Amino acid sequence: MSENVQTAMFEILKKVQEDLSSFRAEADTRFEHLEDLVRKQRRDTAGLLVMAKAVTGDFAEQVAAIEERVGVPEARGR
């Protein structure tokens, strides 16, 4: 009976080891996928930041031009 218990324990341990190995492989694959997503999100965010800065700069230029045009008639009225 002792041999049967040892054999059963050995088989159980082998199965646990196989399951753990497959879990690690699956976890690695998922982490790689997550890393790819994070990298893409960072790239997209950087692109949006560049676009936002360009739009903000253009808007500031347009506001400055309007302020300059409004300032001319105001200066004449004084």
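Start at 1 with the first residue, then count along the sequence. These figures come from a predicted structure and were not determined experimentally.
Among residue pairs with one or both ends in residues 48-60, those qualifying as side-chain hydrogen bond (donor to acceptor under 3.5 Å, both in side chains) are D58-Q62; sequence neighbours excluded.
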Please list every donor-acceptor pair under 3.5 Å in which a side-chain atom of residues 17-27 meets a protein atom from a residue at least two apart or in another chain.
{"residue": "D19", "atom": "OD1", "partner": "K15", "partner atom": "NZ", "Å": "3.3"}
{"residue": "S22", "atom": "OG", "partner": "D19", "partner atom": "O", "Å": "3.0"}
{"residue": "E26", "atom": "OE2", "partner": "R30", "partner atom": "NE", "Å": "3.4"}
{"residue": "E26", "atom": "OE2", "partner": "R30", "partner atom": "NH2", "Å": "2.9"}

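The shortest side-chain heavy-atom distance between E11 and K14 falls under the 4.5 Å cut-off.
Taking CG of L48 as the start and CG of D44 as the end, the distance is 7.0 Å to the nearest 0.5 Å. The distance from the CG atom of D36 to the NE2 atom of H33 is 7.5 Å, given to the nearest 0.5 Å. Going from atom OG1 of T7 over to atom CD1 of I12 covers 11.0 Å, rounded to the nearest 0.5 Å.
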